[in-house]
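This report concerns only the one structure given below.
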Amino acid sequence: MAVASFHLVRHAGTLEPTARLPLDRRALRRVPGLRFGRLLGTGEGQTMTTSADLRRWAAFAVWDDVADLVRFRDHHPLSRRWDRAEERFDVQLRPLGSRGTWDGVDPLAGHDQAADHDGPIAVLTRATVRWRRLPAFVRAVPPVDAHLASVEGLLQAAGVGEWPIGRQATFSLWRDADAMQRFSYRSAEHVEVVRRTRDEDWYGEELFARFAPVAWSGTWSGAQPLGPATWV
């Protein structure tokens, strides 16, 4: 059964991880059992604006099965190097539902997905913003960011992406589905942006996926957003 994962790594400096990025992307693509994988830059803190944190990098991956993910995490040279980072957070994810594509591919196509789940929820959103719509997109993000910081039920969030602008994503952890849905469908700031993305055709491509966190380890900004590690 296929499984997904998200990894967030914060380094002590910026030079080595930035310089190694092309090599690391090539190495990730060659990992046995990997169906889909992307190494991603991150914004500062929880922000989803065009800021960049060159010390912090992320990865999203989909695997043939849990054994492939475990072998990567415990033994692959790329993962072992992440162990030497200043901070690392890993979470194994069970798909709950998805729609859309990433670079023309549905990374979760054909995977077993269970719609019912009680407990924390992880959400991945990713979009390719049309170049002519970038100014409107950039202006629309700060109000959502400002509101996100005070949203009840948000455990942690990060803006991530292949490029600082234009090809952006978010990964967030929520206390439960109700908290996530309140932000998605009842937050005036977020609802307005969603309306404009559709009415003004901002995106050339988009993906929305929900997951159940299954196991996790490490810390995210010095905290354990999902509680004590269950993956050792």
Side-chain angles (χ1 to χ4, degrees), residues 1-9 20-43 48 50 52 56-73 76 78-79 82 89-115 117 121-134 137 141 157-173 180 184 193-194 197-198 201-215:
M1 180 178 178
V3 63
S5 64
F6 180 78
H7 313 265
L8 192 65
V9 181
R20 288 194 59 91
L21 186 60
L23 295 175
D24 288 347
R25 281 181 166 154
R26 191 175 307 126
L28 183 65
R29 288 195 298 267
R30 296 174 178 172
V31 175
L34 183 76
R35 294 190 182 186
F36 180 91
R38 293 290 187 274
L39 284 178
L40 306 162
T42 77
M48 299 169 196
T50 55
R56 191 173 68 166
W57 297 85
F60 172 74
V62 181
W63 308 87
D64 285 336
D65 56 42
V66 174
D68 293 311
L69 167 57
V70 171
R71 276 193 295 270
F72 168 76
R73 197 195 73 139
H76 193 275
L78 176 58
S79 179
W82 291 349
F89 178 79
D90 301 85
V91 58
Q92 176 187 330
L93 303 164
R94 176 168 58 91
L96 296 175
S98 68
R99 64 175 183 272
T101 58
W102 188 328
D103 290 338
V105 175
D106 179 355
L108 299 170
H111 298 174
D112 294 332
Q113 298 183 10
H117 170 68
I121 294 283
V123 175
L124 174 73
T125 66
R126 187 266 180 188
T128 299
V129 185
R130 299 185 191 279
W131 287 108
R132 68 181 184 278
R133 300 302 186 193
L134 270 175
F137 175 85
V141 168
V160 299
E162 296 118 301
W163 300 347
I165 59 172
R167 301 182 67 179
Q168 292 169 286
T170 64
F171 183 83
S172 54
L173 297 171
M180 181 270 292
S184 298
V193 169
V194 171
T197 64
R198 295 170 180 167
D201 194 25
W202 284 4
Y203 300 153
E205 181 182 51
E206 59 182 315
L207 172 73
F208 176 84
R210 295 179 301 111
F211 305 89
V214 175

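Since this is a predicted model, take the numbers as computed values, not measurements.
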For the side chain of [X] and the backbone of [Y], is there at least one donor-acceptor N/O pair under 3.5 Å apart?
X: Arg94; Y: Val214; answer: no
X: Glu206; Y: Gly100; answer: no
X: Ser98; Y: Ala209; answer: no

Heavy-atom closest contact ([X] atom, [Y] atom, distance):
X: Ser79; Y: Arg73; result: OG-O, 2.7 Å
X: Pro213; Y: Ala122; result: CD-N, 4.1 Å
X: Leu39; Y: Ala59; result: CD2-CB, 3.6 Å

Name all residues meeting the side chain to side chain donor-acceptor pair (under 3.5 Å) criterion together with [X]; count only those two or more places apart in sequence or in a different chain, and write none if there are none.
X: Arg130; value: Asp201
X: Trp82; value: none
X: Arg133; value: none
X: Asp68; value: Arg71

How long is the gap from [atom1] on [X] to [atom2] on [Y], to the nearest 0.5 Å?
X: Arg210; Y: Leu96; atom1: CZ; atom2: CG; result: 5.5 Å
X: Phe89; Y: His7; atom1: CZ; atom2: NE2; result: 10.5 Å
X: Thr101; Y: Leu207; atom1: OG1; atom2: CG; result: 7.0 Å
X: Leu124; Y: Phe211; atom1: CG; atom2: CZ; result: 5.5 Å
X: Leu93; Y: Leu108; atom1: CG; atom2: CG; result: 9.5 Å
X: Trp57; Y: Leu8; atom1: CH2; atom2: CG; result: 12.0 Å

*Answer yes or no: is there a side-chain heavy-atom contact under 4.5 Å between Arg30 and Leu78?*
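Side-chain contact under 4.5 Å: no.
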_Less than 4.5 Å apart, side chain to side chain, heavy atoms only: is that true for Arg38 and Val160?_
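Of all side-chain heavy-atom pairs linking Val160 with Arg38, none is under 4.5 Å.
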*Mind checking what makes side-chain contact (heavy atoms from CB on, under 4.5 Å) contact with Ala61, not counting sequence neighbours?*
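Partners of Ala61 by the side-chain contact (heavy atoms from CB on, under 4.5 Å) criterion, ordered by chain and then number, come out as Ser5, Leu34, Trp63.
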*Would you sort out whether Glu162 and Arg25 count as a salt bridge (charged side-chain N to carboxylate O under 4.0 Å, His left out), showing the intermediate values?*
CA-CA 11 Å; Glu162 296 118 301; Arg25 281 181 166 154; over 6 Å; no
*asked:* Assess the residue pair Val123 and Phe171 against the criterion (side chain to side chain contact (heavy atoms under 4.5 Å, CB included)); give the C-alpha distance rounded to whole Å, side-chain angles, the decisive distance to 0.1 Å, and a yes or no.
replied: CA-CA 6 Å; Val123 175; Phe171 183 83; over 6 Å; no
_The criterion is ring-ring contact (aromatic ring centres under 6.0 Å, His included); which residues satisfy it with Phe36, sequence neighbours excluded?_
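Once residues adjacent in sequence are excluded, the partners of Phe36 under the ring-ring contact (aromatic ring centres under 6.0 Å, His included) criterion are Trp102.
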